[in-house]
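Some notes on the structure that comes next.
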Amino acid sequence: MQFDSDSSIPDAAIVRAIQLRGEINRANRLYYVENAPEFGDAEWDARMQELLALEQAHPELKTPDSPTQRVGAPPAAGFNEVVHPVPMLSLGNVFDEDGVRAWYKRALDFLELESAPMVCELKIDGLALAITYRNGVMERAATRGDGERGEDVTANVRTIRSVPLKLDGQADDIPPVIELRGEVFLPNSRFATLNAEREKTGLPAYVNPRNSASGSLRQLDSTETAKRPLDMFFYALGYIEGTDVPSSHWDTLQVINKWGGRTNDWTRKANSVEEVMAAIANAGEVRESLDYGIDGVVIKIDSLSLQSRLGFVGRDPRWAIAYKFPAEQAETTLKAIHVNVGRTGALTPWAELEPVMVGGVTIGRATLHNKDEIARKDFREGDRVIIQRAGDVIPQVVEVTSKNIRPADSQPYQFPDACPSCGAPTVHSEDEAVTRCVNTACPAQFERLLEHFASRGAMDIEGLGERVSQVLPRLGFVSNIADIYRLHDRREDLLELDKMGETRVDNLLNAIEASRTQPLSKLLFALGISSIGSESAEWLSHRFHSLTGLKEATEEELRAIDGIGPVVASTLVDYFTVEQNHQLIDDLIELGVNPIDDTPEPSADHPANGMTFVVTGRLEAMSRSEAQNRIKALGGKATGSVTKKTNFLVAGAEAGSKLDKAQRLDVHVINESEFIKFMDDGITPTRPESDV
Ligand code: IVH
């Protein structure tokens, strides 16, 4: 994926994508890890749709770590982590017949076929599980987690009666290692009973069956899970050792069934979009009568060999699509309008609602998008409003139904013209439709930055989550990013904090120490520089190799990098012109947070291979030892003294006696930019005619 250097992506789109990613990631954690869906659910889905739309409009915005490329959340503490041998991916969504048609056409065009048989399945609203059987015996069950890594919930899954502990069949019918995948859920009929029991014992009720399934599966005490009537449908094979597997998805389901795995018997074949639409209509009809929640229909190309030819685009298979049922609406009271301040200072309004059930989920919050949206729709506190939620999608406030019965003194909502966190005046940008607090010292922004810095895709400091990221700055422990690396001197003070026992504090301090060895790309991403996603961070890391190198990069040098457009280049240069940022980088380096990127370039037959270099003088973009590392990584030799055998002398500023000697011995002298071109692009420097 390349970032077109003449990229026409508007700044607003970049800023919005970054903001959405941060918000979705935070909402994910709340939803999946902390089981608090009235937070996560609401924020998540509308933003996800918006982000998907943005990334679709500007594919250059897609980064591998965007939540659109991810499918869930990291494992909660308490379970062992499982790395999925075959990632558990997600599905693209469509919402109408045109969407189905477009998906099918794309698949057929890709395959250069006129038609391809499909299978339609109900999309079960539960949790994906992967269960591994070794020699037919259940060995391990894992949740999907973030798709790459999930949690080991074997003990709990053993308690689910519809999951075979041993597969039925002769040894030679069952591959030595086989992973069955499917969806675990709690039947609707059991949901009410379970909640009634919980309330009796003083436990909070689960908001929906899906959530109760997740809560039940993640009980640390599996005897608790055993009391919950979880159930499961299988719909796929994952990792397989041994070969004899069926050639179609349909046959796979039959085999799973034969082995004793429960499959859903609504599943049907379809040979055209019309047949798919008929199946979808039927699913809509039977939906109410089912004892489990479904949020749509999954359509899959039946042939497994066609599936493997179709492969994936990003995280979604080309060979399957999820048709999502239309949005469900409900009416409720908009109790209050609140405004959040994000990491980039954007003020995002959200509605606190009188909790209401919408499509099986209790909704207490919904997005209000931005200032303009509130004005356009004239949302006011106290209004009766329609809210809507489509399958996976975040609830939104659609419209006001009580305009005619508002009290006489009702006033339009006044969007704050000061930041709710720091009180600084806000700036509204019309084309971005964003109101922003531009105070770089805004505490709310800093708290979000801290959280981002520590997040998994960044410096991965476990224990520095949302709460601790608020507490530490508020209590004066941390007032800039570098302070994180000074915390080890304040262990005793940290122990005084509420809910910070010895284990927590030590785990936090250890995680901070461990983060020093995170690669440069992660650190660059972690700094939260606007428009630097994890991918551009990697390009920058490979090109400049160190914080020092990057700090001194010019806009021209930046723009010359494949993948770095003018926006990123100027944002970066601007970032380093701010005194505090400059200082921060210096502090980090001084504190030993100074990763060096010496990843060898992927070219095996680089022309530097086998050549001898001497590096002398002061280089701009890297230190001499970094330059030497790069030479070595490409198979060259970096020596200390110039001889006749030296192929190149790389001369930086104030090169002294070595330069003289090279000239005497007629060794080819190159400057830093020729050297970099040589290293980066494999362009062997040529000597000017007169020199030869
Ligand atoms: S197939 C690579 N089939 O939906 C695609 N998924 O949105 C693998 N789901 O992670 C998924 N019912 O948790 C598939 N019949 C079905 C499903 C189904 C529910 C869930 C599953 C998946 C998610 C993707």
Side-chain angles (χ1 to χ4, degrees), residues 28 31-32 44-45 48-49 52 67-73 84-95 99 103 107 118-131 141-151 153 157 179-186 209-211 213-214 217 230-239 249-250 252-253 256-257 261-270 276 279-280 283 286-287 290 292-302 304 306-308 310-325 360 390-393:
N28 263 358
Y31 190 99
Y32 288 102
W44 201 82
D45 291 311
M48 192 62 141
Q49 288 307 315
L52 280 166
T68 58
Q69 313 291 302
R70 264 183 200 277
V71 280
H84 297 299
V86 178
M88 296 184 78
L89 302 170
S90 56
L91 289 169
N93 294 329
V94 293
F95 301 92
W103 162 77
M118 292 167 276
V119 173
C120 300
E121 289 172 4
L122 296 177
K123 187 166 190 305
I124 316 292
D125 195 9
L127 284 110
L129 269 190
I131 310 182
T143 62
R144 182 172 65 175
D146 65 5
E148 306 287 340
R149 285 174 288 183
E151 295 164 296
V153 289
V157 170
E179 190 187 274
L180 306 193
R181 292 181 173 181
E183 202 83 351
V184 67
F185 61 94
L186 188 90
R210 183 182 189 284
N211 220 228
S214 156
L217 201 58
L230 291 172
D231 205 337
M232 179 156 185
F233 286 122
F234 290 94
Y235 51 65
L237 298 180
Y239 178 75
H249 179 65
W250 183 266
T252 304
L253 295 175
I256 294 176
N257 208 250
R262 185 174 184 209
T263 51
N264 190 294
D265 49 18
W266 179 90
T267 305
R268 52 199 64 198
K269 292 181 176 174
V276 169
I280 289 172
V286 301
R287 187 179 187 185
L290 301 173
Y292 45 86
I294 60 170
D295 56 354
V297 170
V298 183
I299 307 136
K300 301 174 180 175
I301 300 289
D302 190 30
L304 297 187
L306 293 185
Q307 284 190 7
S308 75
L310 283 162
F312 294 83
V313 6
R315 289 256 145 184
D316 299 337
R318 279 198 195 84
W319 48 264
I321 196 84
Y323 169 92
K324 292 295 192 72
F325 289 131
D392 260 5
V393 184

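Because only heavy atoms are used, hydrogens play no part in the values below, and waters and symmetry mates are left out as well, while side chains stay in. Both ligands and their constituent atoms are indexed starting at 1 by order of listing.
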Spell out, as yes or no, whether a donor-acceptor pair under 3.5 Å connects the side chain of His249 to the backbone of Ala236. no

Logged contact type for Asp316 with ligand 1, heavy-atom cut-off 4.0 Å, is neither

**Item:** Check: Glu121 N/O within less than 3.5 Å of ligand 1 N/O
**Value:** yes

Nitrogen or oxygen atoms of Val298 and ligand 1 under 3.5 Å apart
no

Would you say ligand 1 has an N or O under 3.5 Å from any N or O of Leu127?
no

| query | Side chains of Ile294 and Lys123: closer than 4.5 Å at any heavy-atom pair? | reply | no

Handout entry: Parallel, tilted or perpendicular, as decided by the 30° and 60° cut-offs, for the rings of Tyr292 and Phe185
Key = tilted

> Is there a donor-acceptor pair closer than 3.5 Å between any side-chain N or O of Glu179 and the backbone N or O of Ala130?
Replying inline: no

The answer for which part of Lys300 has a heavy atom under 4.0 Å from ligand 1 is side chain

A student checking ligand 1 against Glu183 at a 4.0 Å heavy-atom cut-off should list atoms 9 (N), 13 (O), 19 (C), 20 (C), 21 (C)

Closest heavy-atom pair, Ile321 versus Leu91, reported as atoms and distance to 0.1 Å, is N-CD2, 4.5 Å

So is there a nitrogen or oxygen of Trp319 less than 3.5 Å from a nitrogen or oxygen in ligand 1? no

Set out, in order, the CA-CA distance, both residues' side-chain angles and the distance that settles side chain to side chain contact (heavy atoms under 4.5 Å, CB included) for Thr267 and Trp250, then state yes or no. CA-CA 9 Å; Thr267 305; Trp250 183 266; 4.0 Å; yes

- Can you find a non-hydrogen atom of Leu122 under 4.0 Å from ligand 1? yes

Ligand 1 to Leu89, heavy atom cutoff 4.0 Å, flagged ligand atoms 10 (O)

With heavy atoms and a 4.0 Å threshold, my read on which part of Arg144 contacts ligand 1 is side chain

For Arg144 and Leu89, the nearest pair of non-hydrogen atoms, with its separation, is NH1-O, 3.8 Å

Quick note on ligand 1: atoms under 4.0 Å from a heavy atom of Pro317 include exactly 2 (C)

Of Trp266, Tyr235, Phe312, the residue with the heavy atom nearest atom 11 (C) of ligand 1 is Tyr235

inquiry  = Tell me if a side-chain donor or acceptor on Arg181 pairs with a main-chain N or O of Leu237 at a distance below 3.5 Å.
reply    = no

May I ask you to decide if Gly145's main-chain N or O and Glu151's side chain share a donor-acceptor pair within less than 3.5 Å? no

Near Ala128 (heavy-atom distance under 4.0 Å), the atoms of ligand 1 are 13 (O)

